[in-house]
2 protein chains.
Amino acid sequence: MGTIGRPRSKSAHEAILKSALRLVAKRGFRAVSMNEIAADAGVGKMTIYRHWPNKAAVVMDSLLELIGNETAFPEAGNALESLRRQLHLQAAFFRSSRGNLIRSLVSEAQSDPELATAFRDRWLYPRRDDVRQNIKAAILEGSLRDDFNIDTAIDQLYGSLYYRLLLGSGVLNEQFIEDTYQQFLTGHQARLAVRKTPKSA
Amino acid sequence: MGTIGRPRSKSAHEAILKSALRLVAKRGFRAVSMNEIAADAGVGKMTIYRHWPNKAAVVMDSLLELIGNETAFPEAGNALESLRRQLHLQAAFFRSSRGNLIRSLVSEAQSDPELATAFRDRWLYPRRDDVRQNIKAAILEGSLRDDFNIDTAIDQLYGSLYYRLLLGSGVLNEQFIEDTYQQFLTGHQARLAVRKTPKSA
DNA sequence: TGGGAAACGATACCTTTGGTATCGTTTCGA
DNA sequence: TCGAAACGATACCAAAGGTATCGTTTCCCA
């Protein structure tokens, strides 16, 4: 049997991802060329195309492998508080240069169905699953009602964050996150314990 | 004094906008080339560039001049009902091939600051102003409270629509719109009419 | 331990496309 | 009526994603 040949260079792989992340975060997807990424990583352009099928795939992997866990749900005393803190984490992530990665991939996905599927399956849905799990925990803790559509609630929670990231209509500051969180609570919080007066008060 | 020269052809102008709208709505911004738009409109490519500075500007004007009023607030018995119907209109607009225009322009705007500004100033903000006016009317009618941040409320109302349009995470069906509208009401509706007792009840 | 297969960096190349330059021609208005 | 500018057509340019191929290097396995 023939041998396998020279193995892929792990150092080249990592250098490419790091260069792609740094350049795209700073200047955006379209402004960065593949030649530039290759030169910055000290690598031949063909080496990139031996590891990934196209430019979008490189940036997608940069996001997932290097900074994919920066918005994980933080520990907190209870599920609702963990959700609140995660919203602030996600806003900070979007405000930072990392936001350019998301903007770039969503932008390219509009004309690249394969990328759109990959972005949903590898970025969006896993994170939505985390939110869903958190909301279920909050329900079990008795903090949230149990009779609403969770997917719709997730859209309402995070939709306005993506909206401000992509449309630039407003600032993703802490006040906005607090307002969004409170509006979510208003609609989904379990009825507060002490309800002494009957409905016909 | 010299004369003015031959005037711009209004028929060429309109033919270009119609071709751009039709082709981009059907196949998307990136998949349609300027040569193709020119050929479809029966026009020289240079004529397009005499009327618009670049491809994005043509599509932007197609949106505004040809279908910009398809999501106007419909007449209704009261402001809240008008808002509810407009949400359904906007969802239908996004579900139709017109949604490709919005997706295309938002996508291109991520790497084109001038287009981003134009999209906000000419598309987004005028429509947000309509929503703001509607919400103020609903407040005056006594249907909504008057102590919330209107801009944040608009983001929460429409953010999830743009989110589903751009991310494709869920269907923009009527149930989703109803849920979104109800969640908005839950947080912002005025306390139901009869409030006979003073605050210290 | 040595030979073959495949990855490596480098570079030339192909194709597409947005945008420009320039042609001779047409149309208007002053 | 004539000049200026727009017209359709076409050749062209530059940038960039992606491919092909070079000689070289590295490693696994026989």
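Below, chains carry the letters A, B, ... as their sequence lines are ordered, and counting in each starts from 1.
Looking at the side chain of B:Tyr49, the nearest of the listed nucleotides C:dG18, D:dG17, D:dC7 is C:dG18. Comparing C:dG19, C:dA21, D:dG8 by their nearest atom to the side chain of B:Val43 picks out D:dG8. Closest approach to the A:Arg6 side chain among C:dA7, D:dC7, D:dC29 is made by C:dA7 (side chain taken as heavy atoms from C-beta onward). Distances from the side chain of A:Arg50 to the nucleotides D:dC7, C:dC8, C:dA30 place C:dC8 closest.
Counting any heavy atom pair closer than 4.0 Å across all strands shown, B:Val58 reaches no nucleic acid atom. Counting non-hydrogen atoms under 4.0 angstrom, B:Asn54 reaches the backbone sugars and phosphates but no base.
Protein atom CZ of B:Phe29 is 7 Å distant from nucleotide atom P of C:dG18, rounded to whole Å. Taking atom CD1 on A:Ile37 and atom C1' on D:dG17, their separation rounds to 11 Å, with Å as the unit. When the C1' atom of D:dC12 is taken as reference, atom CE of B:Met46 falls 13 Å away, rounded to whole Å. Distance, A:Ile48 CD1 to C:dT11 P: 15 Å, rounded to whole Å. For B:Trp52 and C:dT20, the CH2 to C1' distance is 18 Å, given to the nearest whole Å. To the nearest angstrom, P of D:dA6 lies 13 Å from CD1 of B:Ile16. Per the geometry, CE belonging to B:Met34 stands 20 Å off P belonging to D:dC13, to the nearest Å. To the nearest angstrom, P of C:dT11 lies 11 Å from CG of A:Asn35.
Residue A:Ser33 places none of its side-chain N or O atoms closer than 4.0 Å to OP1 or OP2 of D:dA16. Using a 4.0 Å cut-off, some side-chain N or O of B:Thr47 falls inside it from OP1 or OP2 of D:dG8. Taking 4.0 angstrom as the limit, A:His13 places none of its side-chain polar atoms (N or O) nearer than this to OP1 or OP2 of C:dA7.
The pair B:Asp40-B:Lys18 does not meet the salt-bridge criterion, since no charged nitrogen lies less than 4.0 angstrom from a carboxylate oxygen.
Below the 3.5 angstrom threshold, one finds no donor paired with an acceptor across the side chain of B:Lys45 and the base of D:dG8.
Here the straight-line distance linking atom CZ of B:Phe176 with atom OH of B:Tyr181 works out to 15.5 Å at 0.5 Å rounding. For the atom pair B:Ile37 CD1 and B:Ser62 OG, the distance stands at 7.5 Å (nearest 0.5 Å).
Projected onto DNA chain C by closest heavy-atom contact, B:Pro7 and B:Lys55 fall at different nucleotides, the more 5' of which corresponds to B:Lys55.
Annotation: A:Tyr162 is in aromatic contact with A:Phe94 [ring centroid separation under 6.0 Å].
In this model, no donor atom of one side chain and acceptor atom of the other lie less than 3.5 Å apart for A:Asp129 and A:Gln133.
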